[in-house]
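So the structure is just underneath, and the comments pick up after that.
Just so it is clear, the values below take in all heavy atoms, side chains as well, and ignore hydrogens, waters and symmetry mates.
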Amino acid sequence: VAQIEGFANCDTYAIQSDEGSYEETALFVGCANSRQYGNGACLAPHAQVDDGLLDLAIVRPASVIRDLFRARRLFTGTLARDPGVTFSIS
């Protein structure tokens, strides 16, 4: 359990995009040019390789159980349905 709780340590990220600059405390921040992000993880389900844009996914921290559930969503392509996940395109 101590290892799982240590996983939930979050950092504050300074993010600058076409939409503006802001700081966000997040469990995970990822940038993708296509919907899949290595090993079948679907980080940015709406990303398109040929649109010339990068999709930024921000996963805000939650409880350990919820974060584990989100990890499952990452591989089932349903991460975008989570209210604690924000997508930005720039």
Side-chain angles (χ1 to χ4, degrees):
V1 174
Q3 290 178 344
I4 293 174
E5 289 174 357
F7 173 76
N9 291 337
C10 300
D11 291 321
T12 300
Y13 296 87
I15 300 167
Q16 185 173 357
S17 72
D18 293 342
E19 297 174 4
S21 299
Y22 53 96
E23 287 191 6
E24 185 77 50
T25 299
L27 176 66
F28 178 81
V29 175
C31 190
N33 189 32
S34 66
R35 68 188 296 326
Q36 283 196 323
Y37 191 78
N39 237 8
C42 187
L43 178 66
H46 305 294
Q48 298 176 6
V49 176
D50 60 353
D51 65 0
L53 302 172
L54 292 174
D55 288 27
L56 180 70
I58 303 168
V59 180
R60 290 181 190 81
S63 69
V64 173
I65 298 297
R66 182 157 182 161
D67 287 340
L68 289 172
F69 182 70
R70 285 179 176 165
R72 181 178 158 271
R73 284 184 167 219
L74 185 63
F75 291 95
T76 60
T78 59
L79 187 62
R81 295 182 193 163
D82 192 294
V85 178
T86 302
F87 293 94
S88 173
I89 301 171
S90 37

Test item: Thr25 and Pro61 side chains (from C-beta on) under 4.5 Å apart, heavy atoms: yes
Transitive ILVMFWY cluster of Val49, excluding itself - 4.5 Å side-chain cut-off: none
Sequence-distant partners of Asp51, salt bridge (charged side-chain N to carboxylate O under 4.0 Å, His left out), two or more places apart: none
Path from Tyr13 to Ile58 over hydrophobic side-chain contacts below 4.5 Å: yes
I'd like a table of donor-acceptor pairs (distance under 3.5 Å, sequence neighbours excluded) in which one partner is a side-chain atom from residues 70-85, with atom names and distances.
| residue | atom | partner | partner atom | Å |
| --- | --- | --- | --- | --- |
| Arg70 | NE | Asp82 | OD1 | 3.4 |
| Arg70 | NE | Asp82 | OD2 | 3.2 |
| Arg70 | NH1 | Arg60 | O | 2.3 |
| Arg70 | NH1 | Asp67 | OD1 | 3.2 |
| Arg70 | NH2 | Arg60 | O | 3.4 |
| Arg70 | NH2 | Asp82 | OD1 | 3.3 |
| Arg73 | NH1 | Thr78 | O | 3.3 |
| Thr76 | OG1 | Arg72 | O | 3.4 |
| Thr76 | OG1 | Arg73 | O | 3.3 |
| Thr76 | OG1 | Thr78 | OG1 | 2.9 |
| Asp82 | OD1 | Arg66 | NH2 | 3.3 |
| Asp82 | OD1 | Gly84 | N | 2.7 |

Pairwise distance CG(Leu53) to CG(Asp55) - rounded to 0.5 angstrom: 7.5 Å
Separation between CG of Asp50 and CG of Asn33, rounded to the nearest 0.5 Å: 9.0 Å
Over all atoms of both residues, closest heavy-atom pair of Leu43 and Phe87: O-CE2, 3.1 Å
Residue pair Glu23 / Ala14: nearest heavy atoms and the distance that separates them: CG-CA, 4.2 Å
